[in-house]
Each structure stands twice: as C-alpha cells, then as structure tokens.
There are 2 protein chains.
Amino acid sequence: MTYQPVDAQRDPLVRDTPARETIGTSAASDSLRARPCPHNPAASCSNCRLSDLCLPIALNKSEIQQLDNIIERNRPLIKGEHLYRQRDEFRSVYAVRSGSFKSYTLTSDGKSRVTGFYMPGEILGMDGIGTRIHGVSTMALEHASICEIPFSQLEKLSHQLPNLQSRFFAIMGNEIVKDQHIHTLLSSYTAEQRLASFLLSLSTRYARCQLSPDRFLLQMTRGDIGEYLGLTLETVSRGFSSLQKKAIISVKSREIAITDMAGLKAILGD
Amino acid sequence: MTYQPVDAQRDPLVRDTPARETIGTSAASDSLRARPCPHNPAASCSNCRLSDLCLPIALNKSEIQQLDNIIERNRPLIKGEHLYRQRDEFRSVYAVRSGSFKSYTLTSDGKSRVTGFYMPGEILGMDGIGTRIHGVSTMALEHASICEIPFSQLEKLSHQLPNLQSRFFAIMGNEIVKDQHIHTLLSSYTAEQRLASFLLSLSTRYARCQLSPDRFLLQMTRGDIGEYLGLTLETVSRGFSSLQKKAIISVKSREIAITDMAGLKAILGD
DNA sequence: ACATAGTATTGATTGAGATCAAAAAACGAT
DNA sequence: ATCGTTTTTTGATCTCAATCAATACTATGT
C-alpha cells in the first residue's frame with residue numbers, strides 16, 4: 001500500500017456520487033455506515049480512555065450513555081482513505097478514536113492546502129455545520145478509527161442535555177480560537193517560528209493523549225506540513241535541519257525528538 | 001478626535017480592571033451595561049432591518065421576541081473605543097448594529113495582528129466561548145452601535161428554542177469556514193490576490209446590508225488591512241495603486257470603487 | 001531481494017514582498 | 001483657516017523563502 005489513496009484517480013472536485021459510496025475501498029464498496037466496527041465491538045464512550053478530552057467532558061454517566069447511543073462506530077479507515085470530501089453533503093461530525101487525519105482544500109489552480117491535522121480525542125468535520133456542505137476533504141494519514149456523530153441527532157440530544165449543548169458550543173469556540181492563532185502565525189511568523197509552533201502544538205496534543213511530548217512520529221509528509229504552514233516542503237525540510245543543527249530537535253526521517261523544549265519555545269519569543 | 005483610541009495610553013495586555021469599566025470614555029465612565037442606548041430607545045430585533053442576516057434568521061416572531069428580551073442595547077461606541085479586550089472575562093457575544101469593528105491580538109513582540117473585521121449584522125466575540133476568556137481585543141473603527149447578547153442567557157434560551165440553538169451552531173460553523181478560507185488565502189495567495197479577495201469580501205458584505213457592492217468607504221487603515229492579510233501597509237498601498245493602474249478599481253484615499261468586478265474575480269483564478 | 005514510486009535533503013538562483021526612507025496628503029483639534 | 005498628527009504614497013534596497021534542480025532515502029508491492 002503506497003501513500004497514494006486507493007481512490008486517488010478520482011478528482012475530488014468533480015465527483016458526482018455521494019460521500020458514503022466513495023469511502024469504501026474497491027474491495028469493500030458497501031456503505032461505511034452499514035458496517036459496525038469489528039475491531040471495537042463493545043466500544044463506548046464510558047470505557048473510552050479519551051473520554052476526558054473528547055466530546056464527553058463535563059457530562060455525567062447518564063448523559064454519556066445517551067451520547068453513546070447516537071454515536072456510530074464504523075470500520076477503521078486505511079491510510080489515504082477519505083472520511084468525506086469537499087462538497088459532500090454534511091451529515092455528521094467525527095471524533096478521532098485512533099490514528100490521525102488531515103483536512104485540505106483544493107485551490108482553483110489545483111493545488112492542495114492543508115487546513116488542519118486531527119489527533120485522537122479531537123473533533124473534526126465542523127466545517128459544514130453552517131453551510132450543510134463540507135468545505136474541505138478529510139483523509140486518514142494512517143490506519144485510523146473514528147466515532148461518527150450524526151449531527152441532526154447531536155442537535156436533538158443537545159437540546160435535551162444542556163451540558164452537551166454547552167460542551168459543543170465550547171468545542172466550536174475553541175476551534176475558532178485555534179483558527180485565530182493560525183491566522184496570526186501565517187501573517188507574521190518566520191518559517192522557523194512556524195515550525196517551532198507546529199512542533200509545540202503536536203507536543204502538547206500528544207501529551208494530552210498520554211503519549212510522549214518530546215518523542216513522536218510525524219504521520220504527515222513535509223509537503224503536508226508545508227501546505228499547512230504556508231511554506232514549501234523544501235523550506236520545511238531545511239527548517240528541521242536547521243533546528244537539528246542548533247541541537248533543539250533531533251530528526252530522523254519522520255521521527256522527531258525535542259531535545260531542548262525551552263529553546264523551541266524561545267524561538268516564538270517567549 | 002484622532003484615530004488613536006481615548007484609552008490608548010493603557011497597555012491592553014497588562015490591564016487589571018474589568019472590561020466594562022474601560023469601555024466608557026473619560027467623560028462617561030459608568031458601566032456600558034447600565035445605560036440603555038438613547039439613540040435606539042425602541043430598538044428590537046422585530047423591527048431591525050438587519051434581522052434577516054443576523055442572529056434571528058430562521059426564528060419565528062415569538063422566538064425573536066424572546067431573543068429580544070435578553071439582548072442589551074447599550075450606548076454607541078466612538079471610533080477607537082474598545083468593546084472588550086484580550087484576556088477580559090468572556091460574558092457576551094455581540095451583533096453589530098451599525099458601524100464596523102476590528103478584532104486584533106498583540107504578538108509577543110508587541111506588534112498587533114488583525115484577526116477580523118465585522119460589519120452590520122455580523123456576530124463577534126465568539127472567541128472566548130470555549131475558554132471563557134477573550135482571545136482578542138475588539139475596537140470600533142467608527143461610531144458604532146451593537147447588540148450585546150449575554151452568553152449564559154443565550155445558552156439558556158437556545159435550550160428552550162431548538163431553532164435558536166441550530167442557528168447559533170450554524171453561525172459558529174460559518175465562522176470556522178471563513179477562518180479556513182483565510183488560512184488558505186494566507187498560505188498560498190500573492191499580495192494582489194489577497195487584496196482582490198479582501199475587496200470582494202467587503203463587496204458582498206456591503207451588498208448584504210443593502211449598500212453598494214461597488215462603491216464603498218474603507219473604515220480601516222492600510223495598516224489594519226495589512227495586519228489582516230499578512231502584508232505590510234506599503235504593500236497594501238502599492239497593491240491598490242497597481243489595481244487602479246489596471247483599471248480594476250479606483251482608489252481615492254479611503255474611497256473604493258470597483259470598476260471591473262470580473263477583472264477583480266479573475267485575479268483569484270476564476 | 002528487487003523495482004518503482006513517493007518522499008526527503010541539499011545546493012544554486014531568483015523574486016515577491018519587507019524594510020528603510022522621505023515626501024505628500026488627509027484629518028482632527030483648536 | 002491653521003497647526004500638528006496620522007495616514008498614504010512612492011522609491012531604493014535588501015532578505016527570506018520560493019523555485020529550479022539533482023541526488024539520496026524510504027517504503028510498498030511483486
């Protein structure tokens with residue numbers, strides 16, 4: 001299996017078939033929704049180790065159970081597979097259960113631009129809540145599993161559970177704040193500062209899901225990182241090399257070790 | 001009255017007094033909340049000409065009336081006055097009633113970066129919903145009036161009115177999509193494309209509130225525009241001059257006339 | 001193990017926009 | 001109307017990151 005998605009020959013911008021028919025691989029073309037995940041037969045929020053950083057924060061046991069009932073846990077996605085595509089009708093938001101994803105748009109001249117990376121416990125797909133059409137495509141960067149939360153049901157349940165409504169408002173608010181940070185980053189940071197900020201963001205997010213904050217594997221290519229940070233892949237590569245030369249990080253292909261956390265933070269000017 | 005805000009001598013990042021005490025001018029230092037707006041004594045969503053592009057979309061008359069009851073219409077703000085500041089405790093979101101605003105952050109090296117401009121009918125202050133602390137400062141660009149919507153009451157009411165909950169989810173979703181567009185713009189557009197995109201955005205937003213889409217006044221400085229688009233003010237100025245030389249727009253200080261709308265769109269590559 | 005495609009590094013050169021600088025225009029207060 | 005401040009324009013120069021280019025590395029499928 002190469003990095004190239006199984007359905008790469010299809011142009012995501014000129015597709016005409018509905019999303020759920022394109023999510024399956026050629027071997028398994030049946031709908032994603034129809035297949036309960038065989039890998040997590042007894043999966044539930046109640047026993048999910050991510051429950052304290054995902055949607056259920058601030059919900060009590062009975063509320064979590066009700067949330068559990070509307071969540072659909074489907075078969076895992078393989079690397080390169082799409083969860084949904086730009087212009088697909090919006091039906092659900094998703095919580096990453098394992099693995100990681102990237103969201104991206106295609107610009108008018110055919111280039112792709114990454115709008116976000118998503119890790120376990122994070123919510124994605126909120127583009128589309130307003131327009132009812134997904135504004136970006138989202139693809140698994142590695143073998144990954146997700147919890148699908150049909151939005152109409154989430155709205156109904158939020159209406160019954162004030163805590164859930166509050167929680168979802170907060171999640172969307174945090175997404176807006178995150179976007180503002182990126183706006184500032186892209187409009188004023190140097191290449192080195194962008195990379196430092198990116199690595200620090202990954203670090204804290206890995207820490208959140210109990211993984212090492214100073215040793216991790218990048219699941220995305222240098223090109224993906226560049227598309228996200230507004231840099232070319234060459235500049236990303238040079239930036240990593242330069243940070244390594246300064247003994248701030250150690251890079252070996254996709255393996256990153258942060259050897260001088262304070263130094264990395266200092267690049268952002270305190 | 002200069003453009004410099006009346007309270008400019010205070011450093012927004014080291015302030016210690018609560019927001020509402022800083023909003024008043026030196027002449028009128030009493031709380032913003034305590035003063036019903038003398039300019040709009042009978043103001044209400046029901047008779048507001050913006051009601052079909054603001055929060056009340058998709059609400060029926062009785063629902064609008066209930067929303068009306070929680071909205072506080074305060075005295076207008078003068079140019080340069082702050083609605084709230086970065087690090088203020090979050091209490092409310094706001095709908096622009098008249099005039100315009102800019103939101104901005106200060107970076108660690110003291111430079112300011114504009115995160116958004118807001119026009120009549122638009123909602124601002126949604127940074128802070130998740131964190132309960134405002135992530136940006138917001139300042140009136142001209143004499144302006146707003147509707148303040150205390151968030152705790154909005155949440156309570158949303159819980160009673162599914163349409164309102166739905167509407168607010170949509171507003172936040174649209175904000176996220178807007179932010180993704182800016183992400184793409186900042187990470188791949190040239191200076192000229194950024195300016196074209198900015199002018200087109202203003203144009204459609206002016207059209208939304210019944211104003212001319214091809215002749216309008218910029219309420220922000222070249223510096224503000226540059227901070228928003230990730231350019232210097234000199235580049236913004238040169239960009240306007242260049243677009244004028246191409247007969248796509250006509251600029252006379254803050255007055256903009258779009259003379260070739262198709263040409264402007266063509267700069268964005270269809 | 002090998003072939004192949006995708007990915008990453010590094011070097012040389014170029015260019016768009018930043019920075020520095022100075023003058024002109026617009027605006028607000030008195 | 002006039003003064004002082006802020007904003008805008010335009011020019012000259014510089015710089016960081018893009019682009020072009022070539023090689024090296026890594027992973028996947030046969």
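Side-chain atoms are counted along with the backbone in the values below, which use heavy atoms only and exclude waters and symmetry mates. By convention in this document, chain letters (A, B, ...) are assigned in the order of the sequence lines, proteins followed by strands, and residues within each chain are numbered from 1.
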Next on the checklist: Checking A/Glu142 against A/Ser100 for the side chain to side chain donor-acceptor pair (under 3.5 Å) test, could you report, in this order, the C-alpha distance in whole Å, the side-chain angles of both residues, the deciding distance, and whether it holds?
Outcome noted: CA-CA 6 Å; A/Glu142 59 190 307; A/Ser100 50; 2.6 Å; yes

Checklist entry - Toward the 5' end of DNA chain D, which comes first, A/Lys252 or A/Thr235, by nearest nucleotide? => result A/Thr235

Next on the checklist: I need the OH-P distance between B/Tyr189 and C/dG17, as an integer number of Å.
Outcome noted: 14 Å

Next on the checklist: Between B/Arg113 and A/Ser188 (side chain of the first, backbone of the second, donor and acceptor by atom type, cut-off under 3.5 Å), is there such a pair?
Outcome noted: no

Item to check | B/Arg222 CZ to C/dA26 P, straight-line distance once rounded to whole Å | outcome: 11 Å

At a cut-off of 3.5 Å, list every protein nitrogen or oxygen paired with a nitrogen or oxygen from nucleotides 20-22 of chain D, distance to 0.1 Å.
residue	atom	partner	partner atom	Å
D/dC20	N4	A/Glu234	OE2	3.2

Item to check | Nearest-Å distance for atom pair CG/P, residues A/Leu229 and D/dC16 | outcome: 19 Å

Checklist entry - Whole-Å distance between C/dT9 P and A/Leu243 CG? => result 12 Å

Checklist entry - Rounding to a whole Å, what distance do you find between A/Gln193:CD and C/dA18:C1'? => result 15 Å

Checklist entry - What integer distance in Å separates B/Phe240:CZ from D/dT7:C1'? => result 13 Å

Checklist entry - B/Arg254 side chain N/O closer than 4.0 Å to the phosphate oxygens (OP1, OP2) of D/dT8? => result yes

Item to check | Residue met sooner reading DNA chain D from 5', once A/Gly230 and B/Ser253 are mapped to nucleotides | outcome: B/Ser253

Checklist entry - Going by atom types only, do A/Gln180 and B/Asp179 share a side-chain donor-acceptor pair under 3.5 Å? => result no

Checklist entry - Do B/Tyr94 and B/Phe101 have their ring centres less than 6.0 Å from each other? => result no

Next on the checklist: Of the options D/dT8, C/dT9, D/dT10, whose atoms approach the side-chain atoms of B/Ser241 most closely?
Outcome noted: D/dT10

Checklist entry - Can you check whether A/Thr138 reaches A/His82 side chain to side chain, under 4.5 Å on heavy atoms? => result no

Item to check | Value in whole Å for how far the P atom of D/dA18 lies from CG of A/Leu186 | outcome: 12 Å

Next on the checklist: Rounded to whole Å, how long is the line connecting atom CD of A/Glu255 with atom C1' of D/dC25?
Outcome noted: 14 Å

Checklist entry - Between D/dT8, C/dA18, C/dA8, which nucleotide gets closest to the side-chain atoms of B/Thr232? => result C/dA18

Checklist entry - Of the candidate nucleotides C/dA8, C/dA18, D/dT9, which contains the atom at the shortest distance from the side chain of B/Leu231? => result C/dA18

Checklist outcome for this item: Looking only at heavy atoms, the pair that brings B/Leu195 and B/Val236 closest together is CD1-O, 3.8 Å

Checklist entry - Do A/Glu192 and A/Arg238 sit within salt-bridge range, that is, some charged N less than 4.0 Å from a carboxylate O? => result no

